[in-house]
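Worksheet: the structure to be examined is printed underneath.
Keep in mind that what you see is a predicted model, and the values were worked out from it rather than measured. Side chains are part of it too, since the values below use all heavy atoms of this structure and drop only hydrogens, waters and symmetry mates.
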Amino acid sequence: MSGAAGCQGGGGGERGPRWRRPWRLLALGLLSASSVLAAAPGAGAMSKEEKRRLGNQVLEMFDHAYSNYMEHAYPADELMPLTCRGRVRGQEPSRGDVDDALGKFSLTLIDTLDTLVVLNKTKEFEEAVKKVIKDVNLDNDIVVSVFETNIRVLGGLLGGHSVAIMLKEKGEHMQWYNGELLHMAKELGYKLLPAFNTTSGLPYPRVNLKFGVRHPEARTGTETDTCTACAGTLILEFAALSRFTGTSIFEEYARKALDFIWEKRQRSSNLVGVTINIHTGDWVRKDSGVGAGIDSYYEYLLKAYVLLGDDSFLERFNTHYDAIMRYISQPPLLLDVHIHKPMLNARTWMDSLLAFFPGLQVLKGDIRPAIETHEMLYQVIKKHNFLPEAFTTDFRVHWAQHPLRPEFAESTYFLYKATGDPYYLEVGKTLIENLNKYARVPCGFAAMKDVRTGSHEDRMDSFFLAEMFKYLYLLFADKEDMIFDIEDYIFTTEAHLLPLWLSTTNQTISKKNTTTEYTELDDSNFDWTCPNTQILFPNDPMFAQSIREPLKNVVDKSCPRGISRAEESLGSGPKPPLRARDFMASNPEHLEILKKMGVSLIHLKDGRVQLVQHAVQAASSLDAEDGLRFMQEMIELSSQQQKEQQLPPRAVQIVSHPFFGRVVLTAGPAQFGMDLSKHKSGTRGFVVTIKPYNGCSEITNPEAVKEKIALMQRGQCMFAEKARNIQKAGAIGGIVIDDNEGSSSDTAPLFQMAGDGKNTDDITIPMLFLFNKEGNIILDAIREYEAVEVLLSDKAKDRDLEMENMDQKLSENDSHKQNSEEASSASQDVVAIRTPTPLELMRLVLQSQHVCKGITSLRNKKPRQSQTPKLTGIIKSNLWNPY
């Protein structure tokens, strides 16, 4: 989702209704500020040539993403850019709620329609509209999200219709168009209406496109809760559908849902919660913020006023905004609070969706906090290259994924429009560079699975094409670059374009203020016109910079230093015959002692080890006491290791031909050996399989292992023992591959290799752990290419473009040579086989059965929580990973 809108009122010489004039004033005010700042000496303005170059680069990036979707995925809903195929719901493993956006209706194409026109690709737009009309079926027996279908598909059809009629009126394109997209939008609107069959008027979160909600075959309609944004982000699309078609029912339903949420707000704080019961109106989650679950509800209140001219929407927004700035805004942070106790923070982290809020604040005219929050977010991006899905108040990564969300780019665009500060052009340039450097793959752009390591996810959401390229292009485009006036439209939360002239078309809804009269409100809190530009920018071209400056180092100053390893301390007291620190599961004598103490060893399905004591099974009461002390030591040792060594995941990056760093695999860290986070260059070398493969005894092929990175299998001895053996043989690093067939970082928690309970300072090489599927990628690469070079590091490094280009040229030379040979031997009926280019090889590799799934290799999950011993005579140890 995304926020903010084009601020300006409709065009033409007609004076228009009362509500339009303030928004035109805002447009003039922002342009005035822009001209002041742009003309300021020493402002570091970007040259027109550089802006044009960056705009063209955005167009090239869009072409790369769009053409790959059309070539490899269409008519599927989305592109899987790592495996170069379409994502079809039901044919890929379920991703849970994320898949509710997919309805087998060519989602990405519909979501991209108006982007094509913004980017001046009218020919491609005309072809795309014809494909949608001809190929898309909206009557599928599939359960979809009402919210996602509304903003992406209904919004996409309406946005496409809006620009189609605009082009038709200009007389150059779309002369054949007769409202076909609008007819499809109306059909879809009727398919969403059954979701509103509740006593409250709040829609069910899901609907079956063919059977509705309560039908026996619908497979939905049992839900009781929905998010505030899910129910409150309908008014723009539904009202536009009513205004375009003259059918009022859509706008009526959306208004009823908004009215209900407003009435259920917490009256003392004027805040709303994250989730609400659709039948009773009770708040289910009572935390409140401006991020996921609520964000676009606030956005649509303000934009509904802009588009529809209903004063009550602005009044509601201003009431909520006052509460947000009073309780949630803690500059530069935006922290969730409890709706009943708004002075109490509900959590200590922020999610990335709040990045839209500075853009909304620009629309509101509150520039200072917008600049502050945007700058804080930019500092986080500069640290991690992308904005993590969630990060803590001290700016550590909380959720490491980044699905190429556009909200930050959106706010960057609106802040540039508001201030004219060239700083925001440089911010946009950084976003372009990071996308090309870290997310670009041969078949599109891949979401980041972990911003810390740079590993990818086989995912390119439709909103990436619908929003990201739209905002980036508009950021660098001049007015003459556009084929229409963008200020005549408002952006929906999915950045679809709705014309502002809808405000005076088919007004079938009687407007009434359902709260209080404006005259009773405090004018200082409820502005009806935009603030004077001298208030926003008090004749100071350095205004925005003066706000940003104190925040330049906010992230680096707040990030905590790594915790040093504490000295082992297991206390004093009676010593059992076997100490936890000395225990080895491969030692038969140790296992016999455990049995005597009533302790059994359990190997879990995911490969970890758990100890369980049954006191009644001990040989004697004294043995049972020894077993109890052993278990207490083991619990303390395991807890200590988990607390002290919450290490982030590492990366194994294949850097040799034909990969050149494009394949990044998740790796579990070791709690011993070289700390890769302190060695930024990592450890690079060719991989070799050791003998014996388990690495539990002296290595018998040391000449092959020397100065190489050793591959070995998990099991039969402790990780520390394996590390010592390969280090002795001269290895510069080690990779342990899980022996549990089919294990993968996609389904298993992050795995950390524990020490052996002894001093491991003698181990100086880096050790990383790969699950079975990820390990097989390297093993397959060795079988295919023999010499495989990898980089062990804390996160993925820039791929070797120089070597890749050189290899490309060599391959092209070989290809030309072979083509010549083919031509000269044609008379002899000899067929020459062309050497594939590295790019083609890479694509073939990515399509192999192992790499297809193995490359999506990072889960930002902490190790499972310790289990507390039960006072029932049965004691379980914490989960421990020494083997």
Side-chain angles (χ1 to χ4, degrees), residues 1 3 97 147 200 202 205 223-233 257-302 315-358 360-361 364 366 369-370 372-373 376-377 380 388-399 407 515-516 522 525-526 558 862 865:
M1 288 183 309
D97 293 346
F147 167 77
S200 67
L202 299 179
E223 302 94 339
T224 58
D225 307 335
T226 193
C227 72
T228 299
C230 300
T233 310
L258 275 180
D259 290 345
F260 190 83
I261 295 173
W262 171 253
E263 291 301 321
K264 290 298 178 179
R265 74 191 185 283
Q266 214 293 319
R267 297 303 177 100
S268 62
S269 66
N270 280 322
L271 295 172
V272 293
V274 175
T275 55
I276 188 171
N277 187 296
I278 60 177
H279 303 296
T280 66
D282 294 333
W283 292 109
V284 179
R285 276 188 55 187
K286 299 174 183 177
D287 46 320
S288 183
V290 296
I294 302 180
D295 48 2
S296 49
Y297 162 69
Y298 295 134
E299 176 189 354
Y300 270 37
L301 286 177
L302 182 55
E315 182 179 345
R316 294 179 189 182
F317 173 79
N318 279 330
T319 301
H320 285 313
Y321 188 78
D322 178 71
I324 290 169
M325 300 310 291
R326 187 185 304 271
Y327 303 119
I328 295 171
S329 177
Q330 301 174 36
L333 309 180
L334 291 163
L335 294 177
D336 284 19
V337 299
H338 295 278
I339 59 175
H340 296 97
K341 298 178 179 179
M343 302 305 293
L344 183 64
N345 288 340
R347 62 189 190 191
T348 59
W349 50 271
M350 296 164 280
D351 66 74
S352 63
L353 284 171
L354 61 78
F356 91 100
F357 198 66
L360 189 63
Q361 289 178 307
K364 160 71 176 170
D366 198 2
E372 291 175 335
T373 299
M376 176 270 293
L377 295 170
V380 175
E389 276 292 76
F391 54 93
T392 62
T393 53
D394 55 3
F395 307 108
R396 290 178 297 176
V397 172
H398 185 68
W399 296 335
E407 285 78 14
T515 53
T516 57
D522 178 2
N525 291 328
F526 299 87
S558 298
K862 295 182 179 178
Q865 294 296 313

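Summarising the geometry of G293 relative to C227, their closest heavy-atom pair is O-CB, 3.8 Å, with the distance given to 0.1 Å. Taking each heavy atom of L202 and N277 in turn, the nearest pair found is CD1-O, 4.2 Å. The shortest heavy-atom contact between M350 and L335 is CG-CD2, 3.7 Å. Of all heavy-atom pairs spanning D295 and A229, the tightest one is OD1-CB, 3.7 Å. The two residues Y298 and I294 make their nearest non-hydrogen contact at CE1-CG2, 3.4 Å. Of all non-hydrogen atoms in S268 and Y327, the two that sit nearest each other are O-OH, 4.4 Å.
In this structure, F317 and I324 have side chains that are not in contact, with every pair of non-hydrogen atoms separated by 4.5 Å or more. Annotation: side chain of F147 is in contact with side chain of S296 (closest heavy-atom distance under 4.5 Å). Here the side chains of D366 and M325 are in contact, with some heavy-atom distance below 4.5 Å. Counting only heavy atoms from C-beta outward, the side chains of I339 and W283 approach each other to under 4.5 Å. The side-chain heavy atoms of T228 and R285, taken from C-beta on, include no pair separated by under 4.5 Å. Between I276 and T226 there is a side-chain heavy-atom pair separated by less than 4.5 Å. Looking at W349 and R396, their side chains never come closer than 4.5 Å, going by heavy atoms from C-beta outward. Here the side chains of R326 and N270 are not in contact, with every heavy-atom distance at 4.5 Å or above.
Atom CG of L271 sits about 10.0 Å away from atom CG of D322, to the nearest 0.5 Å. For the atom pair CD (E315) and CG (L301), the distance works out to 11.0 Å, reported to the nearest 0.5 Å. Taking CD1 from I328 and CG from D287, the interatomic distance works out to 10.0 Å, rounded to the nearest 0.5 Å. To the nearest 0.5 Å, atom NE2 of residue H338 and atom CG of residue L344 are 4.5 Å apart. From E223, atom CD reaches atom NE2 of H279 across 8.5 Å, with rounding to the nearest 0.5 Å. Taking OG1 of T373 as the reference point, atom CG of L334 lies at 4.5 Å (rounded to 0.5 Å).
Among residues at least two apart or in separate chains, salt bridge (charged side-chain N to carboxylate O under 4.0 Å, His left out) pairs with a member in residues 327-345 are D336-R347.
Ring geometry, Y297 versus H320: the interplanar angle exceeds 60°, so the pair is classed perpendicular (tilted spans 30 to 60°).
In terms of the side-chain contact (heavy atoms from CB on, under 4.5 Å) criterion, residue partners of V380 (sequence neighbours excluded) are, by chain and number, M376, H384, L387, P388, F391, F395, V555.
Although no hydrogens or angles enter the test, the distance criterion places a donor-acceptor pair under 3.5 Å between the side chain of D351 and the main chain of A292. In this structure, the side chain of S288 engages the main chain of V272 through a donor-acceptor pair within 3.5 Å.
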Next on the checklist: Apply side chain to side chain contact (heavy atoms under 4.5 Å, CB included) to residues R316 and D259 and explain how you reach the verdict.
Outcome noted: CA-CA 10 Å; R316 294 179 189 182; D259 290 345; 2.7 Å; yes

